[in-house]
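Reading through the structure tokens given below for one structure.
Just follow the structure's listing: the first ligand is 1, and inside any ligand the first atom is 1. Only a predicted model underlies this, so the values are computations on that prediction, with no experimental measurement involved.
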Amino acid sequence: MTSYKNTLQVTAKSLSLTNAMLVDLMSIDEEYYRIFDSYHHIELELLACRTVREIAELLLTDVQVGFGLSSASLHLLDEDDAGLGLLVADGEVGDIPGVYLHRSEEDFTVVYGCALTPKVVAAADSLNNDADPCLKVLMMPLIRRGKLLGSLQYGLERTGWSSNRGTEQLLEHLCAVIAVSLENCISQQYLTHLSVVDALTNVRNRRGFEIDLLQQVMRAERCKASLSCLFIDIDHFKRVNDLHGHLVGDCALQQVVAVISSQLTGSSRLARYGGEEFAVLLAGYANEQALELAESVRISVQDHEIRLSGTRPFKVTVSVGVATWEGGQGYSDIGAHRTGQWLVHCADNALYEAKHGGRNKVCNAVKLEHPLAVEP
Ligand SMILES: Nc1nc2c(ncn2[C@@H]2O[C@H](COP(=O)(O)OP(=O)(O)OP(=O)(O)O)[C@@H](O)[C@H]2O)c(=O)[nH]1
């Protein structure tokens, strides 16, 4: 009887141990699924990002806060003048807080050693050596088609990190998804850039101008602000080509763009409207200010000597047409497109006057009736 009782006691004890183990296993499982779910959620959000900035904000803010990480930084390899390099030059990437640009792959290989895999290192041995040296840093290399794109780094609390095969696999998967998303966004933004920028002068092209025009008209209408437009055309440019050749003509176009740009403030947008004709959108400029600016553009081009090797120095002049739209007249966004066309039409008419008035001149648009004002 006693031995039966003992057996029962042993069985009960072992059952309760098994039960405790099962409860432990279930909670580990639950924790694993909770982490897995968070990773899955991040991956879906990454795939929905449309710009490098969106990716950086997600990884450096949302993920850092969500996972309670002490710091976060994204290090991108910017080796060439295409792709990411072009976005950096455009100011679309370099100024994102927490994003660092590296010109050489060596910066990464020195830190990672021979194996480009996620790993935890002392902060001093990471790419952010300004981080608290007592902390550990999780380094995640971002590789796509064998090419290193950069590295994501998270500062870990002193005790808050334990690694196992499961988390390693999740991290490797996450790195791959980040790399794919980065590559997609860089290519997408690069293509968008190419579609709105003029290859010769590197200012907005006609398509870029149309996009800006619509946005600026809507903004002016919303803010009840002025919007002025300059149409600038180089005088007798055909003679430049005929005298010096097309290559010199191309360089002259680039120099005229540089001179015009030097007269503009940050918010003004210069575009090559076509051939040797340029347009400038001046947000917030009343007509008088726009006329003043047009005059300073005209004088600075007239005074600029174009110096190129193999040809004697020469000068060109420009004719400028100015038109202004006073926003806040109650037209809906639907009218914005027509308002934009009307503004361009007025500036172009003024330019025509300047050409016919002898060139190297600034002319103001005569008051034309806005199409929406004359319609019943
Ligand atoms: N080199 C070069 N020339 C260009 C480019 N785009 C347009 N042109 C030239 O610009 C010249 C424009 O000539 P026209 O339209 O007759 O005008 P213009 O000679 O400037 O005379 P006005 O505008 O009446 O003062 C043409 O010779 C075009 O070939 C370009 O990208 N590079």
Side-chain angles (χ1 to χ4, degrees), residues 81-82 86 89-90 190-213 228-264 268-282 290-291 293-323 341 343-366 368:
D81 293 326
L86 217 124
D90 262 15
Y190 181 54
L191 286 179
T192 307
H193 171 96
L194 292 184
S195 72
V196 293
V197 170
D198 173 54
L200 178 69
T201 57
N202 215 23
V203 294
R204 307 279 280 174
N205 62 16
R206 172 83 173 259
R207 179 205 284 262
F209 173 77
E210 303 288 352
I211 295 169
D212 293 343
L213 178 65
S228 289
C229 177
L230 309 185
F231 255 53
I232 306 169
D233 190 282
I234 306 177
D235 299 323
H236 298 304
F237 194 63
K238 189 172 178 308
R239 287 186 200 160
V240 173
N241 280 331
D242 292 348
L243 270 171
H244 305 280
H246 263 80
L247 284 181
V248 169
D250 284 353
C251 296
L253 283 171
Q254 289 169 330
Q255 291 202 15
V256 169
V257 162
V259 174
I260 300 172
S261 299
S262 72
Q263 300 300 306
L264 305 179
S268 316
R269 281 281 191 163
L270 170 62
R272 185 175 180 195
Y273 196 75
E276 23 57 282
E277 191 169 17
F278 301 91
V280 184
L281 286 174
L282 300 165
L291 282 168
L293 181 75
E295 187 57 16
S296 72
V297 165
R298 185 192 69 75
I299 291 170
S300 51
V301 173
Q302 169 195 268
D303 292 348
H304 177 78
E305 196 162 59
I306 297 173
R307 291 180 164 273
L308 296 162
S309 60
T311 160
R312 61 190 157 73
F314 63 95
K315 289 183 173 180
V316 293
T317 60
V318 289
S319 299
V320 189
V322 181
Q341 283 181 329
L343 188 65
V344 163
H345 176 65
C346 293
D348 201 29
N349 273 353
L351 171 63
Y352 183 82
E353 288 300 315
K355 287 277 180 189
H356 284 263
R359 295 181 174 79
N360 192 17
K361 261 178 171 290
V362 172
C363 274
N364 203 12
V366 284
L368 294 178

Out of H356, H236, K238, H244, whose heavy atom sits nearest atom 27 (O) of ligand 1? K238

Between the CG atom in N205 and the CD1 atom in I211, the distance rounded to the nearest 0.5 Å is 8.0 Å

Atom 8 (N) of ligand 1 has as its nearest protein heavy atom N241 ND2, 4.0 Å

Ranked by distance from atom 14 (P) of ligand 1, the top protein heavy atom is E276 OE2, 4.5 Å

Should the ring pair H244 and F314 be called parallel, tilted or perpendicular, given that the plane angle runs from 0 to 90° and is split at 30 and 60? parallel

To the closest 0.5 Å, what do you measure between SG (C251) and CG (L308)? 5.0 Å

Among non-hydrogen protein atoms, atom 23 (O) of ligand 1 lies closest to K355 NZ, 3.0 Å

Using heavy atoms and a threshold below 4.0 Å, how should the contact between D250 and ligand 1 be classified: side chain, backbone, both, or neither? both

Classify the angle between the aromatic ring planes of Y352 and H356 as parallel (below 30°), tilted (30 to 60°) or perpendicular (above 60°). tilted

Can you tell whether the side chains of K355 and D235 come within less than 4.0 Å, N to carboxylate O? yes

For the pair R207 and E210, find out whether any cationic side-chain nitrogen is under 4.0 Å from an anionic carboxylate oxygen. no

What part of L253 sits under 4.0 Å from ligand 1 if we count only heavy atoms: the side chain, the backbone, both or neither? side chain

Where does L247 meet ligand 1, judged by heavy-atom distances below 4.0 Å: at the side chain, the backbone, both, or neither? neither

Nearest 0.5 Å, please: how far is NE2 in H236 from CG in N360? 10.0 Å

Out of G249, S319, G275, whose heavy atom is nearest to atom 6 (N) of ligand 1? G275

Does any N or O of ligand 1 fall below 3.5 Å from an N or O anywhere on D235, backbone included? no

When you look for heavy atoms under 4.0 Å from ligand 1, do you find them on the side chain of R359, its backbone, both, or neither? side chain

Minimal non-hydrogen separation, C346 against A365, with atom names: O-CB, 3.6 Å

Does an N or O anywhere in F237 fall below 3.5 Å from an N or O of ligand 1? yes

Any atom of ligand 1 sitting under 4.0 Å from a heavy atom of R272? yes

Any nitrogen or oxygen of I234 lying under 3.5 Å from a nitrogen or oxygen in ligand 1? Just yes or no. yes

